Enquirer: 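Got a structure for you, questions after.
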Amino acid sequence: TFISGSASGNVVLQATTTATAGTNASFTAGASVSVRDSSVSAQTSNLYFAAQSGALTITSSTLTATAGAITGSATTSR
């Protein structure tokens with residue numbers, strides 16, 4: 001199983017959210033991605049976060065990619 005989430009605005013995982021994917025987990029936002037006080041894991045593949053026009057913020061959270069990589073990207077205009 002996999003977890004895939006996308007939004008044209010913000011993606012927010014907060015307040016003790018627990019998300020566990022059997023394979024990979026991916027979260028893509030048209031704006032920002034925020035992970036706060038949560039646990040996100042991908043058991044046999046990768047964990048990926050992308051903020052296409054905002055910040056990628058991870059605070060007080062546990063991220064795990066047991067057999068893969070954890071990657072993230074953020075693009076902000078200046």
Side-chain angles (χ1 to χ4, degrees):
T1 59
F2 65 91
I3 297 171
S4 178
S6 64
S8 58
N10 300 323
V11 169
V12 178
L13 301 172
Q14 64 183 10
T16 64
T17 297
T18 299
T20 303
T23 55
N24 62 311
S26 172
F27 301 91
T28 303
S32 65
V33 174
S34 176
V35 182
R36 182 169 291 128
D37 301 316
S38 298
S39 174
V40 184
S41 65
Q43 295 178 335
T44 62
S45 192
N46 302 316
L47 184 54
Y48 178 70
F49 300 92
Q52 296 176 336
S53 66
L56 171 57
T57 306
I58 300 169
T59 308
S60 300
S61 296
T62 301
L63 307 178
T64 307
T66 304
I70 298 171
T71 57
S73 64
T75 305
T76 57
S77 59
R78 295 180 182 230

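All values derive from a computational prediction rather than experimental measurement.
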Enquirer: Which pair of non-hydrogen atoms, one from Arg36 and one from Thr57, has the smallest distance, and what is that distance?
Expert: NH2-CG2, 4.5 Å
Enquirer: Where do Thr75 and Gln52 come nearest, in terms of heavy atoms and distance?
Expert: CB-O, 3.4 Å
Enquirer: Leu47: which other cluster members, linking ILVMFWY side chains closer than 4.5 Å, directly or transitively?
Expert: Ile3, Val11, Leu13, Phe27, Val33, Val35, Val40, Phe49, Leu56, Ile58, Leu63, Ile70
Enquirer: With sequence neighbours excluded, give me every ring-ring contact (aromatic ring centres under 6.0 Å, His included) pair touching residues 55-76.
Expert: none
Enquirer: Closest approach of Ala25 and Ser41, non-hydrogen atoms and distance?
Expert: CB-O, 4.5 Å
Enquirer: Just to verify, what does Asn46 make a side chain to side chain donor-acceptor pair (under 3.5 Å) with, not counting sequence neighbours?
Expert: none
Enquirer: Go through the structure and list residues passing side chain to side chain donor-acceptor pair (under 3.5 Å) with Ser38, not counting sequence neighbours.
Expert: none
Enquirer: For a quick test of reading the model, state the closest non-hydrogen atom pair linking Ala42 to Asn24 and the distance between them.
Expert: CB-CA, 4.0 Å
Enquirer: For Thr66, give me all partners under side chain to side chain contact (heavy atoms under 4.5 Å, CB included), at least two apart in sequence or on another chain.
Expert: Thr64
Enquirer: Can you see which heavy atom on Ala29 is nearest to which on Gly9, and at what distance?
Expert: CB-O, 3.3 Å
Enquirer: For Thr44 and Gly22, indicate whether the former's side chain and the latter's backbone hold a donor-acceptor pair under 3.5 Å.
Expert: yes
Enquirer: Among all residues two or more places apart in sequence or in another chain, which pass the side chain to side chain contact (heavy atoms under 4.5 Å, CB included) test with Ser4?
Expert: Phe2
Enquirer: What residues, two or more places apart in sequence or in another chain, satisfy side chain to side chain contact (heavy atoms under 4.5 Å, CB included) together with Asp37?
Expert: Ser60
Enquirer: Going by the side chain to side chain donor-acceptor pair (under 3.5 Å) test, which pairs reach into residues 6-17, not counting sequence neighbours?
Expert: Asn10-Ser32
